[in-house]
Amino acid sequence: MNTNFNEIVDATWLSRPSPTIALELLGCTVVRHLPNGEQIRGVIVETEAYTEGDPACHAYRKRTPRNTVMFGPAGMSYVYLIYGMYHCLNIVTDEDGIASAVLIRALELSSIPEFLQQDLNFPVKSDRHLKKPLKKDKFSRLAAGPGKLCRVLKIDRTLTDLPLHPDGPLWLEHRTPTFQQSVNSGKIQFVQTTRIGITQGTDLPWRWYIADCPAVSQC
DNA sequence: ATGAAGATCGCG
DNA sequence: GCGATCTTCATC
């Protein structure tokens, strides 16, 4: 019996250091359950880790209203607004009291969301999640970037500080056996590099992505 | 109160 | 390279 398929990622599994989780989340699936019942799924292909003692971490200085969820137990969502117009999705990691999280930087969408099938241009005024219209784009690049994936999955700050569980609007599923076999055989390879888009902590090699994946940001 | 900076993105 | 756009946080 295959008990590993579609296994839910739980808080215990996430209660380890963020660099470890950032690597192991590659190949896992983000599932977004919309209020209308629609489900959007995407495989994680790029991540970054942030943690204690890391000058690029939002929790580096002190605990504030925005970053407080990072100080709590693993398995929670941390969503913030960046540059006044984009949202970023993070997964809170490590033990309670250790401020850390993994930024989800890119997804390979499993299917074209219904609202994108209608028209690859978003209905700007009717969708409050979209500050700007999404231009027509190659399907594989629709969620290639932390801001872009939140647009497609309709993730905003109302989804921060939520437990990642199938009862809610957002959760994670483990790698499929097929994916893991490809990793074991070397067919799928992971690349570790320094993080991007930051001005401090640029020397820490805490960015990971799947090699030769068109959905990874910054090709 | 005030202002500067920011884990982005797409255009030119 | 730059502008859009606005919250957050440090400092005044």
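Nothing here was measured: the structure is a model prediction, and the numbers come from that model. Within every chain, numbering begins at 1; the chains are lettered A, B, ... in the order of the sequence lines, protein sequences first and strands thereafter.
Applying a 4.0 Å cut-off to non-hydrogen atoms, the residues of residues 42-57 of chain A that approach DNA chain B are A:Y50, A:A56, listed by residue number.
Judged by the 6.0 Å distance and 45° axis criteria, A:R105 is not positioned over the aromatic ring of A:Y209.
Note: NZ (A:K148) to C1' (B:dG10) measures 9 Å, nearest angstrom. The interatomic distance linking A:K62 (NZ) with C:dC9 (C1') rounds to 8 Å, in whole Å. Between the NE2 atom of A:H87 and the P atom of B:dT8 there is a distance of 14 Å, rounded to whole Å. Atom-to-atom, CE of A:M70 to P of B:dA7 comes out at 11 Å; the value is rounded to the nearest Å. Rounded to whole Å, the distance from CZ on A:R61 to C1' on C:dC9 is 9 Å. A:R105 places its CZ atom 7 Å from the P atom of B:dC9, with the value rounded to the nearest Å. Taking atom CG of residue A:L142 and atom C1' of nucleotide B:dG10, one finds them 14 Å apart after rounding to whole Å. Atom-to-atom, OH of A:Y80 to C1' of B:dA5 comes out at 13 Å; the value is rounded to the nearest Å.
B:dT2 and C:dT5 have their P atoms separated by 23 Å, with the value rounded to a whole Å.
For the pair A:L170 and A:L89, the minimum side-chain heavy-atom distance is below 4.5 Å. In this structure the side chain of A:I210 never reaches within 4.5 angstrom of the side chain of A:E108, judged on heavy atoms.
A:R157 comes within contact range of the sugar-phosphate backbone alone, with a heavy-atom separation under 4.0 Å but no base atom that close. Among the atoms of the strands shown, base atoms are found under 4.0 Å from some heavy atom of A:L103.
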So which protein nitrogen or oxygen atoms get under 3.5 Å of nucleotides 2-4 of chain B's nitrogens or oxygens?
none

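Looking at A:T47, A:I188, A:V183, A:V43 one by one, the single match for side chain to side chain contact (heavy atoms under 4.5 Å, CB included) with A:L26 turns out to be A:T47.
Side chain A:Y83 to base C:dA4: no donor-acceptor pair is found below 3.5 Å.
Taking hydrophobic clusters as Ile, Leu, Val, Met, Phe, Trp and Tyr residues chained together by side-chain heavy-atom distances below 4.5 Å, A:I98 does not share a cluster with A:L25.
Residue-environment remark: CD (A:E95) stays at or below the threshold of 12 foreign heavy atoms within 6.0 Å. Counting heavy atoms of neighbouring residues, nucleotides and ligands inside a 6.0 Å radius, atom CG of A:D212 does not exceed 12 of them. Shown here is A:R63, whose CZ atom has more than 12 heavy atoms of other residues, nucleotides or ligands within 6.0 Å.
Residues passing the side-chain contact (heavy atoms from CB on, under 4.5 Å) test with A:P163 are A:M76, sequence neighbours excluded.
The side chain of A:R66 contributes no N or O atom lying less than 4.0 Å from OP1 or OP2 of C:dC6. Between A:T199 and B:dA5, a side-chain N or O to OP1/OP2 separation shorter than 4.0 Å is absent. At C:dT8, none of the side-chain N or O atoms of A:T64 fall inside 4.0 Å of OP1 or OP2 (strictly under the cut-off). In this structure, A:R207 does not reach the B:dA7 phosphate: none of its side-chain N or O atoms is under 4.0 Å from OP1 or OP2.
Both key distances under 3.5 Å define a Watson-Crick or G-U pair, and stretches of 3 or more such consecutive pairs in DNA chain C run B:1-6 with C:6-11, B:8-11 with C:1-4.
In the set C:dT7, B:dT8, C:dC9, the nucleotide with an atom closest to the side chain of A:P65 is C:dC9.
Applying the ring pair (Phe, Tyr, Trp, His ring centres under 6.0 Å) rule to pairs touching residues 177-202 of chain A yields nothing, sequence neighbours excluded.
Counting Ile, Leu, Val, Met, Phe, Trp and Tyr side chains that sit under 4.5 Å apart, directly or through other members, A:I8 shares a hydrophobic cluster with A:V31, A:W171.
Checked by atom type, the side-chain pair A:D54/A:T51 shows no donor-acceptor distance below 3.5 Å.
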